[in-house]
Colleague: 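Here's a structure for you.
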Amino acid sequence: MGILSCAAVFTDHMVLQRGKNINVWGIAYDNTEITVSLNGKTAKGITKNHKWQVSLPKMEAGGPYEMTVSGGGEMISFKDVMIGEVWLAGGQSNMELELHSSLNGEEVIKNIKDVNVRFYYTKKNAYIDEYFYADERNGGWAAASPETTWAWSAVGYYFAKKLSEDLGVTVGIIGCNWGGTSASAWMSRKMLETDADTKTYVDEYDKAMEGKTFEQYCEELEDYQNWYNEWQPKIDEFYSKNPTGEWGDALAFAGPCRYPEPLGPKSPFRACGVYETMLKRVCPYTLAGFLYYQGESDDHKPDMYYKLLKMLIEQWRGDWNDDTLPFMLVQLPMHINRGEPDYKHWCKIREAQMRVHQTVKNTGIAVILDCGEYGNIHPVNKQPVGERLELQALYHVYGKISADEAYGAIYKSCEYTGDGVLLSFEHSADGFEMRSAKDIGFEIAGADKKYYPASARLMGDKILVSSHEVSEPKYVRYNWTNYGEVTVFSKNGIPLAPFRTDRNDD
């Protein structure tokens with residue numbers, strides 16, 4: 001009996017990327033000649049160290065096709081294969097949030113019909129053992145239907161549905177995300193260790209395991225899991241009785257929170273962990289690009305997030321051997337826990353995300369400031385998130401729309417006037433609209449950096465900001481808060497991106 005197989009991501013119903021060479025890989029006995037055939041095209045390769053990889057030539061969108069892989073007297077076939085657009089949806093819980101849990105999700109699922117979208121969910125396993133490989137083989141691609149889409153990424157689904165409609169091709173999404181993960185969990189140790197700041201994530205893991213055996217770690221993990229199994233139902237009970245209750249009251253009811261679980265070899269939250277157990281399992285599947293919604297779990301180190309995110313993009317592009325592979329970011333929405341002080345750390349994460357977009361080539365950014373919910377770190381309105389990502393892809397990748405259609409206004413520069421500070425923006429040619437009776441969110445400060453609420457007057461494609469409290473203004477910021485009302489929108493319905501006029505203004 002032979003051992004010929006393909007990587008687990010190759011299954012019936014898969015979508016393969018059009019217009020690029022298609023990577024196919026797997027394992028077989030050494031020196032076996034492997035032949036892969038699809039749509040009249042063939043690629044051949046030789047197995048070395050039990051691994052093989054071939055690249056099929058570029059093809060146009062179409063299907064369904066059958067793909068065959070043969071070698072050493074064995075053959076594997078995959079049916080109902082489509083060629084279209086493939087995007088990887090990465091990040092943490094807000095990318096992971098399932099369609100049925102999103103706003104009107106169950107109704108959307110019930111009415112899915114003729115939606116040309118397919119989905120592959122990378123198996124969520126944090127540790128590679130004998131169970132890992134068996135579970136990986138239990139997954140597979142699925143076409144959209146009321147029976148299949150329940151647990152799909154809501155953001156990924158809405159992105160793919162709109163993109164499929166606009167391009168007229170099948171769109172496949174590879175879900176590769178895990179709630180609560182830092183960006184450091186999706187990178188290699190080698191990459192993190194190239195910088196003293198990002199190396200702290202690795203150092204924290206090493207310190208947690210210092211002098212500890214694997215068996216001791218497993219005992220700690222079991223103790224944590226036993227605690228969690230008792231504690232979480234109490235938290236659920238509290239919020240079922242007190243939907244608007246504050247976190248402090250919930251802890252008083254359920255007891256102290258021990259989250260996260262102990263750092264160790266089985267933790268999905270460890271530096272470099274799911275990079276090895278998830279991302280590398282689907283690399284280098286040929287892609288159109290990446291979608292990325294993450295940052296919440298790095299808010300304790302917001303000042304280094306800019307370099308951390310840049311490094312992640314470099315890591316992923318390097319792994320896919322394409323330094324220009326498109327990377328579409330989601331900027332974090334408004335959020336604060338009930339009863340929590342405004343630490344203003346999410347502001348810095350949002351600023352870092354925008355800065356990465358403005359300094360790293362082939363990146364887009366979906367501004368979703370208005371899609372947050374007070375007291376809920378998992379806001380359910382995911383359709384605008386997916387569709388704003390799709391606008392970014394339509395502009396940056398497919399050239400189907402203009403920049404002003406894809407973006408809302410983004411701060412560009414300021415001019416000091418006798419009346420205050422006149423702000424200029426990119427993508428503001430059509431002007432603004434104020435969705436509030438009050439011009440909330442703008443603040444102004446003098447050289448002392450003491451901020452006061454400011455009035456904002458819309459002046460065509462510019463905004464004049466002023467305050468009687470500040471006679472000689474020097475700094476302006478907008479929605480520099482973890483959570484607040486979103487008031488200013490571009491005429492296309494996308495909110496003005498949060499900003500401060502001086503990044504060094506801390």
Colleague: Ignoring hydrogens and angles, state whether a donor on the side chain of K301 or T200 is under 3.5 Å from an acceptor on the partner side chain.
Modeller: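 Indeed, the side chains of K301 and T200 share at least one donor-acceptor pair under 3.5 Å.
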
Colleague: Can you tell me how far the CG atom of L263 sits from the CZ atom of R270, to the nearest 0.5 Å?
Modeller: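 If I round to the nearest 0.5 Å, the distance is 9.5 Å.
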
Colleague: Show the numbers, then the answer: is there a side chain to side chain contact (heavy atoms under 4.5 Å, CB included) between Y120 and V282?
Modeller: CA-CA 10 Å; Y120 175 84; V282 294; 4.0 Å; yes

Colleague: Which residue in the set Y157, F159, Y285 passes ring-ring contact (aromatic ring centres under 6.0 Å, His included) when paired with W87?
Modeller: F159

Colleague: Taking atom CD of E222 as the centre, does the number of heavy atoms from other residues, nucleotides or ligands within less than 6.0 Å exceed 12?
Modeller: no

Colleague: For F442 and F499, take the angle between the two ring planes, folded into 0 to 90°, and tell me which bin it lands in: parallel under 30, tilted 30 to 60, perpendicular over 60.
Modeller: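 If you compare the ring of F442 with that of F499, the planes turn out perpendicular.
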
Colleague: At what distance, to the nearest 0.5 angstrom, does CG of L221 lie from NZ of K266?
Modeller: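 If we round to the nearest 0.5 Å, L221:CG and K266:NZ are 7.0 Å apart.
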
Colleague: Supply the atom-to-atom distance T198 OG1 to M304 CE, rounded to the nearest 0.5 angstrom.
Modeller: 7.0 Å

Colleague: Return the minimal non-hydrogen interatomic distance between I3 and A28, and the atom names on each side.
Modeller: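 Closest heavy-atom pair between I3 and A28: CD1-C, 3.5 Å.
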
Colleague: Report yes if some heavy atom in the side chain of N94 is under 4.5 Å from a heavy atom in the side chain of H378; otherwise report no.
Modeller: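 With C-beta onward as the side chain, the pair touches.
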
Colleague: Any luck finding a side-chain donor-acceptor pair between S55 and N23 under 3.5 Å?
Modeller: yes

Colleague: Go through it in stages, so that I can follow the logic: the residues are C257 and L251, the test is side chain to side chain contact (heavy atoms under 4.5 Å, CB included), and I'd like the CA-CA distance, side-chain angles, deciding distance and then a yes or no.
Modeller: CA-CA 7 Å; C257 178; L251 294 181; 3.9 Å; yes

Colleague: Are the side chain of N337 and the backbone N or O of G375 linked by a donor-acceptor pair below 3.5 Å?
Modeller: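 Judged by distance alone, no pair lies under 3.5 Å.
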
Colleague: Is there a side chain to side chain donor-acceptor pair (under 3.5 Å) between Q315 and S188 once you walk through the steps?
Modeller: CA-CA 8 Å; Q315 174 87 69; S188 68; 2.8 Å; yes

Colleague: Centroid separation under 6.0 Å, is that true for the rings of Y228 and Y259?
Modeller: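 Aromatic pair excluded; centres sit 6.0 Å or further apart.
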
Colleague: Show your reasoning for whether side chain to side chain contact (heavy atoms under 4.5 Å, CB included) applies to L391 and I494.
Modeller: CA-CA 11 Å; L391 288 175; I494 299 175; 4.1 Å; yes

Colleague: Does any donor atom in the side chain of N482 or H345 lie under 3.5 Å from an acceptor atom in the other side chain?
Modeller: yes

Colleague: Within 45° of the axis and under 6.0 Å from the centre of the six-membered ring of F253, does NZ or CZ of K241 qualify?
Modeller: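 Not flagged: K241 not positioned over aromatic ring of F253.
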
Colleague: Where the side chain of N479 meets the backbone of G484, is there a donor-acceptor pair that is under 3.5 Å apart?
Modeller: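 Such a contact is absent between N479 side chain and G484 backbone.
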
Colleague: Do you know the tightest heavy-atom contact between A409 and L496?
Modeller: O-CD1, 3.5 Å

Colleague: Measure up the W186 and W316 rings against each other and bin them: parallel (under 30°), tilted (30 to 60°), perpendicular (over 60°).
Modeller: perpendicular

Colleague: If only atom types and distance count, is the side chain of S490 paired as donor or acceptor with the main-chain N or O of G408 below 3.5 Å?
Modeller: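 Checked: no pair found.
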
Colleague: Distance-only, no hydrogens or angles: does the Q392 side chain make a donor-acceptor pair with backbone N or O of I365 under 3.5 Å?
Modeller: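 At least one qualifying donor-acceptor pair exists.
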
Colleague: So, D135 and N125: side-chain donor and acceptor under 3.5 Å apart, yes or no?
Modeller: yes

Colleague: Taking the basic N atoms (NZ, or NE/NH1/NH2) and the acidic carboxylate oxygens, is any pair closer than 4.0 Å for K199 and D206?
Modeller: no

Colleague: Assess the side chains of E230 and N226: does a donor N or O sit below 3.5 Å from an acceptor N or O?
Modeller: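 N226 and E230 do not have a side-chain donor-acceptor pair below 3.5 Å.
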
Colleague: Quick one: does R317's side chain have a donor or acceptor within less than 3.5 Å of a partner on L325's backbone?
Modeller: yes

Colleague: Output the distance between atom OG (S267) and atom CD (E220), rounded to the nearest 0.5 Å.
Modeller: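 Those atoms lie 12.0 Å apart.
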
Colleague: Kindly give the heavy-atom pair with the smallest separation between Y127 and P265, and that separation in Å.
Modeller: CD1-O, 3.4 Å

Colleague: Which atoms form the tightest heavy-atom contact between Q17 and V86, and what is the distance?
Modeller: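 In this case the closest contact between Q17 and V86 is OE1-N, 2.8 Å.
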
Colleague: Can you check whether Y374 and Y483 have ring centres sitting under 6.0 Å from each other?
Modeller: yes

Colleague: Are the side chain of Q92 and the backbone N or O of G295 linked by a donor-acceptor pair below 3.5 Å?
Modeller: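 Between the backbone of G295 and the side chain of Q92 there is a qualifying donor-acceptor contact (under 3.5 Å).
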
Colleague: Do T501 and Y478 come within less than 4.5 Å of each other through their side chains, counting heavy atoms only?
Modeller: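 Answer no - side chains too far apart.
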
Colleague: For K474, I'd like to know if atom NZ has over 12 heavy atoms of other residues, nucleotides or ligands within 6.0 Å.
Modeller: no

Colleague: Any ion pair linking E443 and R477 (charged N to carboxylate O, less than 4.0 Å)?
Modeller: yes

Colleague: Show, in sequence, the C-alpha distance, side-chain angles and deciding distance for R258 and D223, and conclude whether the salt bridge (Lys or Arg N to Asp or Glu O under 4.0 Å) test is met.
Modeller: CA-CA 11 Å; R258 291 169 54 184; D223 177 65; 2.9 Å; yes

Colleague: For N321, I'd like to know if atom CG has over 12 heavy atoms of other residues, nucleotides or ligands within 6.0 Å.
Modeller: no

Colleague: Okay, side chain of K382, backbone of P379: is any donor-acceptor separation there less than 3.5 Å?
Modeller: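 Indeed, once roles are kept as given, a pair shorter than 3.5 Å links the two residues.
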
Colleague: Throw together a table of side-chain donor-acceptor distances under 3.5 angstrom for residues 305-314, partners on residues two or more places apart or in other chains.
Modeller:
unit_1: Y305; atom_1: OH; unit_2: Q294; atom_2: O; d: 3.3
unit_1: Y305; atom_1: OH; unit_2: Q294; atom_2: OE1; d: 2.7
unit_1: Y306; atom_1: OH; unit_2: T359; atom_2: OG1; d: 3.1
unit_1: K307; atom_1: NZ; unit_2: D195; atom_2: OD1; d: 3.2
unit_1: K307; atom_1: NZ; unit_2: D195; atom_2: OD2; d: 3.4
unit_1: K307; atom_1: NZ; unit_2: D197; atom_2: OD2; d: 2.9

Colleague: Tell me the closest heavy-atom pair linking T181 and P268, and the distance in Å.
Modeller: CG2-O, 3.6 Å

Colleague: Quick one: does T149's side chain have a donor or acceptor within less than 3.5 Å of a partner on A144's backbone?
Modeller: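 Not a single qualifying donor-acceptor pair exists.
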
Colleague: Parallel, tilted or perpendicular: which fits the ring planes of F327 and Y292, with parallel below 30° and perpendicular above 60°?
Modeller: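 Tilted, since the angle between the ring planes falls between 30° and 60°.
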
Colleague: Any chance you could lay out the side chain to side chain contact (heavy atoms under 4.5 Å, CB included) test for W52 and V69, step after step, and finish with the verdict?
Modeller: CA-CA 11 Å; W52 59 267; V69 180; 3.9 Å; yes

Colleague: Before accepting this row, confirm whether a basic side-chain N of the pair R388/D370 lies closer than 4.0 Å to the acidic partner's carboxylate O.
Modeller: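 Looking at D370 together with R388, the answer is yes, because their closest N to O distance falls below 4.0 Å.
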
Colleague: With rounding to the nearest 0.5 angstrom, report the CZ to OG distance, F425 to S413.
Modeller: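 It is 9.0 Å, given to the nearest 0.5 Å.
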
Colleague: Between R281 (side chain) and A8 (backbone), is there a donor-acceptor pair under 3.5 Å?
Modeller: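 Such a contact is absent between R281 side chain and A8 backbone.
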
Colleague: Looking at Y451 versus W480, is the centre-to-centre ring distance below 6.0 Å?
Modeller: no

Colleague: Which pair of non-hydrogen atoms, one from V36 and one from V54, has the smallest distance, and what is that distance?
Modeller: CG2-CG2, 3.5 Å

Colleague: Taking atom NE2 of H335 and atom CZ of R350, what is their separation to the nearest 0.5 Å?
Modeller: 10.0 Å

Colleague: Does the ring of Y217 carry K212 above it, NZ/CZ under 6.0 angstrom from centre and within 45° of its axis?
Modeller: no

Colleague: Does NZ belonging to K450 count more than 12 external heavy atoms closer than 6.0 Å?
Modeller: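 Atom NZ in K450 is not crowded, with 12 or fewer foreign heavy atoms closer than 6.0 Å.
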
Colleague: Excluding sequence neighbours, so at least two apart, what forms salt bridge (charged side-chain N to carboxylate O under 4.0 Å, His left out) with D322?
Modeller: none

Colleague: For R338, check salt bridge (charged side-chain N to carboxylate O under 4.0 Å, His left out) against everything at least two apart and list the hits.
Modeller: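 Checked R338 against salt bridge (charged side-chain N to carboxylate O under 4.0 Å, His left out); zero matches.
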
Colleague: Answer yes or no: is there a donor N or O on one side and an acceptor on the other, between the side chain of T194 and the main chain of M191, under 3.5 Å?
Modeller: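 A pair under 3.5 Å: yes.
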
Colleague: Salt bridge between R500 and E351, side-chain N to carboxylate O under 4.0 Å?
Modeller: yes

